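Since the structure is predicted, the reported quantities are computational estimates derived from the model, not experimental observations.
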There are 2 protein chains.
Amino acid sequence: MQSTMQDVPLTVTRILAHGAKVHGSAQVTTWTGEGEPQRRTFAAVGGRATQLAHALRALGVAEGEPVGTLMWNNGDHLEAYLAVPSMGAVLHTLNLRLPPEQLAYIVRHAADRVVIVSGSLLPLLAPLLPHLDCVEHVIVSGAGDTSVLDGLHPRVHRYEQLIAGHPADHYAWPAIDERQAAALCYTSGTTGDPKGVVYSHRSIYLHAMEVCNPASFGLTPAETCLPVVPMFHVNAWGLPHAAFMAGTSLLMPDRFLQPAPLAEMIESERPTVTAGVPTIWQGLLAELDAKPRDMTSLRTVVSGGSACPPALMKAFEERHGLNVVQAWGMTETSPLGSVAYPPAGVGPEEAWPYRVTQGRMPCSVEARLIGPGGEVLPWDGTSAGELEVRGPWIAGAYHGGAGSEPERPEDKFSPDGWLRTGDVGTITSDGFLTLTDRAKDVIKSGGEWISSVELENHLMAHPEVAEAAVVAVPDDKWGERPLAAVVLRDGSSVDYESLRAFLGERVARWQLPERWALIPAVPKTSVGKFDKKVLRRQYADGELVVTTLG
Amino acid sequence: MQSTMQDVPLTVTRILAHGAKVHGSAQVTTWTGEGEPQRRTFAAVGGRATQLAHALRALGVAEGEPVGTLMWNNGDHLEAYLAVPSMGAVLHTLNLRLPPEQLAYIVRHAADRVVIVSGSLLPLLAPLLPHLDCVEHVIVSGAGDTSVLDGLHPRVHRYEQLIAGHPADHYAWPAIDERQAAALCYTSGTTGDPKGVVYSHRSIYLHAMEVCNPASFGLTPAETCLPVVPMFHVNAWGLPHAAFMAGTSLLMPDRFLQPAPLAEMIESERPTVTAGVPTIWQGLLAELDAKPRDMTSLRTVVSGGSACPPALMKAFEERHGLNVVQAWGMTETSPLGSVAYPPAGVGPEEAWPYRVTQGRMPCSVEARLIGPGGEVLPWDGTSAGELEVRGPWIAGAYHGGAGSEPERPEDKFSPDGWLRTGDVGTITSDGFLTLTDRAKDVIKSGGEWISSVELENHLMAHPEVAEAAVVAVPDDKWGERPLAAVVLRDGSSVDYESLRAFLGERVARWQLPERWALIPAVPKTSVGKFDKKVLRRQYADGELVVTTLG
């Protein structure tokens, strides 16, 4: 028997048309730091995206070609998010926090011929351009002094001038195969060259549907979403496309990602849901502690990108009435992998053991745990293995570069096509994932595994500890042992013995670190994750002042 | 540039695996009329579905083969919903309210070899079987006297005995192409033979994702859903598959669809969301008016299948605090077409003009209005045309019967593949659809169109009118004119002149019916819709006592 359903592809083109028409009065508001924010309706965004498509086509942008964006979260970037995939080209979001040589690498690897850049980021782009022969056109969005580009080879355009005069009401959008490339994002991998993940129209569309789901972000026309997570970081976790699909108004922070302006924009624009990495929330918490603001519009603060310290979640709830929900994902998972809503019928206090996990996967994300010997482990809440995932918005390969086939490195993809996440953890019988560590960060001590993250979370729950990172260091007797690197709160003088005693009440004795160091701040990657590679190197190079307890 | 995403199909198999594992403790509760309801966890349902797949394979059920179900809403039917598509076969839900000859027609047209039947429905099936040579196996679910099948040709099995002994923990589920047939449902068309719509795994999966969306039903593990809409009626609007996907517990009414047991099961099992046709809610309202129950668990009552009279929605809200949300769809649309949530920032009183529309379409359902001359009409809230829709869960053809190609009748599908819904209406600039009539029911009076539905709604808002139907009748001068057929409330003696005066305050004078008739009840189709064909025939045959007002 044959299905009699229509064969209609899942495309960004459809998201663009739907949001601009059915939800034309929804708004994207871009924070400007001072004065009135910039406000555009979805109808206007749709019209301007259509103009942008005409303008890019006039520059010769072809189907399948990448268009780079080096931009903050704002209305223009949203237009590129919609226009570029819809015209059949590939949105390549450039992570402005990558080291310059990596940024140059990914522009060359993708072979970006056109780059749209926020005016405020011209000083970042200009010094790279002499190393970017592939770039022929630079389109400057917003204000910014273009004289830094004088004498460089690309042609320079102003975004507003470039799109002006093009029709806003029609474009011959090409027929799209839903498996066609739509967007490209490179991992901010801490080792080796960044790897490109090429999202398809299908994966973006399905992921956006899931982002709208109430077990994820719950986007409806009644909500306003503040994506603090940058649009150059895994498509801002899918929120721009999902919001346009759902008719959810967007509040865009542009470059104002510091705690004070974030608190101000939340108080004045009243978003209902927001998303970002723990480091951002840590900063916002300190800001609110120092100067309380009205945060009552926020029903949910989603935290992802790295594990959110439970102490941070509790502090937000107790001191500011904010509900922090933890989510897990990575560039290779689009990124929605799991969200930690407690199960049905569980009261506020009983909910904590669930809320501090990485949560449950949606139906479209299938998970398995692989043990040290390659065996599939049971979901019993205790068997720890590497998490592998499969699904329609999970990567199965990396971009091989212009004209090359995709690459499928063995350490990243299993022979049967699952993504090896590099995360180690457990899953309970009812599907709650707890990541205990990165496979590369877990401390292999005498044939047992010690989770660096667990030790960090306990340490960061200590009232005098601002931040803490635990890394494996070589040990003659045990192979590896944990080193605790601690950032104390201003004015604190707590000693290592007290911290170890505090830990000793919470983990097994054999897991307690012998080696301790005070550091001014935990080194972080370009997206705010703890950069343990740096700490390990500092230890190896003797740059840390280490005290060894007996 | 090639996408690097995994190519993972969207299948019912995945819904089965996910619900049974990640949401294994969610429950399906089947009402039993008296005594304790039958309760099964999703884990148990998953195990029993696996056993059922083994049992059906042992009966020789092959991939692509239909398996008929003539069943109420209950746990066994849910198992068939999951097992049959997952094993590659096609779930063919049989509408037990069809006239017997139509029921026999669809079993033969689909060539069902195996039929699962609720024991209480054996008296309905038995007399048909002599006309159903194709049926080789009858599987009886639940209690029921099988002696009515004695001497008939099919082999008879008891569901519990048939699945017992088969493994519950594994089955070699076949690899599924997401465009493969998964389920078959025939329209309850009031003219001609019923037409079969064959849903694919892809369409069911995408539709289930949308059903979970907060702008549709908003299913999460915290919800309990009561599908009053039968599982033989467009897959119970996708709720069983969506609930299993989301981990939403299900309350199944089995055959207890009368107002009193519905009120009882809501009061005692406390579902949070329910869905059914207006006729059911009309009955429940009368029941609650007579004997109030605790309905406070229900956050949303979704009404679809035919237009819900605004008076009914208001009565529920004012007298029982229940929020009735109108939705539109049809067998050919899976059925989720549109849902009438008001737009953002609209207060309770301002919301009514939106709530009485058919609502807005989700991103995956694209709509256009086609005028009398075939032209595409603007979305201006006034231009009325036939609604055509396109999308991944919209039918593009009908089942041609066993071994035949799908059929694509011109009056049902446009040359470019859109579904012609047969509904006439308007769409506002912000996407709110208002259906004013069926294309075949609209009254063509002197070159103008009069909406029969609008007149009915106004009449049913009159306090002494229980029901009213308006149909077109031939008129020498105007071509057609409206006839109002009215059911008065018990004890009412309101006269036609008063009713016409009441209408005259609400619609243009030229739309007022001249012809009036009192009837004991509005004739209804097997799924509870007004059957205007019957009324038109009764008028033509002189069976109505018609009064013509001057």
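A donor-acceptor pair under 3.5 Å links the side-chain atoms of A:T248 to the main chain of A:T220, judged by distance alone. The main-chain N or O of B:Q358 is found under 3.5 Å from a side-chain atom of B:S338 such that the two form a donor-acceptor pair. Within the 3.5 Å criterion, the main-chain N or O of B:Q27 finds a donor-acceptor partner in the side chain of B:S249. A donor-acceptor contact shorter than 3.5 Å is absent between the side chain of A:H207 and the backbone of A:W393.
Contact annotation for A:L10: both backbone and side-chain heavy atoms come within less than 4.5 Å of a heavy atom of chain B. B:V90 touches chain A through its side chain: at least one heavy atom from C-beta onward sits under 4.5 Å away, while N, CA, C and O do not. There is no contact between B:F432 and chain A, counting heavy-atom distances below 4.5 Å. Using a 4.5 Å cut-off between heavy atoms, B:S203 contacts chain A through its side chain alone, with no backbone atom that close. Only the side chain of B:S334 has a heavy atom closer than 4.5 Å to any heavy atom of chain A. Using a 4.5 Å cut-off between heavy atoms, B:V346 does not touch chain A at all. For chain B, the nearby part of A:Y205 is the side chain; its heavy atoms alone come within less than 4.5 Å. Proximity to chain B is absent for every atom of A:V211, based on heavy atoms less than 4.5 angstrom apart. Using a 4.5 Å cut-off between heavy atoms, A:E63 does not touch chain B at all. With a 4.5 angstrom heavy-atom cutoff, B:P343 does not touch chain A via any of its atoms. Using a 4.5 Å cut-off between heavy atoms, B:R360 contacts chain A through its side chain alone, with no backbone atom that close. In this structure, chain A has no heavy atom under 4.5 Å from any part of B:R408. Heavy atoms of B:W379 lying under 4.5 Å from chain A belong exclusively to its side chain. Both the backbone and the side chain of B:P66 come within contact range of chain A, with heavy atoms under 4.5 Å apart. Looking at B:E210, both its backbone and its side chain come within 4.5 Å of chain A, counting heavy atoms on both sides.
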For this session: Decide side chain to side chain contact (heavy atoms under 4.5 Å, CB included) for A:F42 and A:L16; before the verdict, give the C-alpha distance in whole Å, the side-chain angles of both, and the deciding distance to 0.1 Å.
Result: CA-CA 9 Å; A:F42 279 14; A:L16 167 55; over 6 Å; no
For this session: Give the C-alpha distance, both sets of side-chain angles, the deciding distance and a yes or no for salt bridge (charged side-chain N to carboxylate O under 4.0 Å, His left out) between A:R299 and A:E223.
Result: CA-CA 10 Å; A:R299 67 165 170 80; A:E223 304 280 333; 3.0 Å; yes
For this session: For salt bridge (charged side-chain N to carboxylate O under 4.0 Å, His left out), just list the numbers for A:K195 and A:E407, CA-CA rounded to whole Å, side-chain angles, deciding distance to a tenth of an Å, and then say yes or no.
Result: CA-CA 9 Å; A:K195 298 286 184 191; A:E407 292 169 0; 3.8 Å; yes
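Between the CD atom of B:E178 and the OG1 atom of B:T13 there is a distance of 11.5 Å, given to the nearest 0.5 Å. Taking NE2 from A:H109 and CG from A:L184, the interatomic distance works out to 9.0 Å, rounded to the nearest 0.5 Å. One distance of note links CD1 of A:I15 with CD1 of A:I204; it measures 7.5 Å at 0.5 Å rounding. Atom CZ of B:R420 and atom CD of B:E388 lie 5.5 Å apart (nearest 0.5 Å).
Heavy-atom pairs under 4.5 Å with chain A were tallied for B:N213, B:I394, B:T224, B:T428; the largest tally goes to B:I394. Options B:S404, B:G391, B:A43, B:P406 differ in how many heavy-atom pairs under 4.5 Å they form with chain A, and the most are formed by B:G391. Most heavy-atom pairs under 4.5 Å with chain B, from the set A:P342, A:S364, A:G431: that is A:S364. Between chain A and the options B:A222, B:G401, B:G196, B:P392, heavy-atom pairs under 4.5 Å are most frequent for B:P392. No other option in B:H399, B:E332, B:R202 has as many heavy-atom pairs under 4.5 Å with chain A as B:R202. Interface check for chain B: of the options A:C212, A:S216, A:A208, the most heavy-atom pairs under 4.5 Å are formed by A:C212. Among A:H18, A:Q6, A:E65, the residue making the largest number of heavy-atom pairs under 4.5 Å with chain B is A:Q6. Your options are A:G64, A:P221, A:P214, and the one with the most heavy-atom pairs under 4.5 Å with chain B is A:P214. If you tally non-hydrogen atom pairs under 4.5 Å between each of B:A246, B:A395, B:G218 and chain A, the highest count goes to B:A395. Of the listed residues B:M245, B:M209, B:Q2, B:M5, the one with more heavy-atom pairs under 4.5 angstrom with chain A than any other is B:M5.
Salt bridge status for A:D7 with B:R390: absent, with no side-chain N to carboxylate O gap under 4.0 Å.
Aromatic ring pairs are classed by plane angle as parallel below 30°, tilted from 30° to 60° and perpendicular above 60°; the pair B:H92 and B:Y186 is tilted.
Within the 6.0 Å centre-distance limit, the rings of A:Y398 and A:F413 are counted as a close aromatic pair.
Counting only heavy atoms from C-beta outward, the side chains of A:F217 and A:V325 never approach each other to under 4.5 Å.
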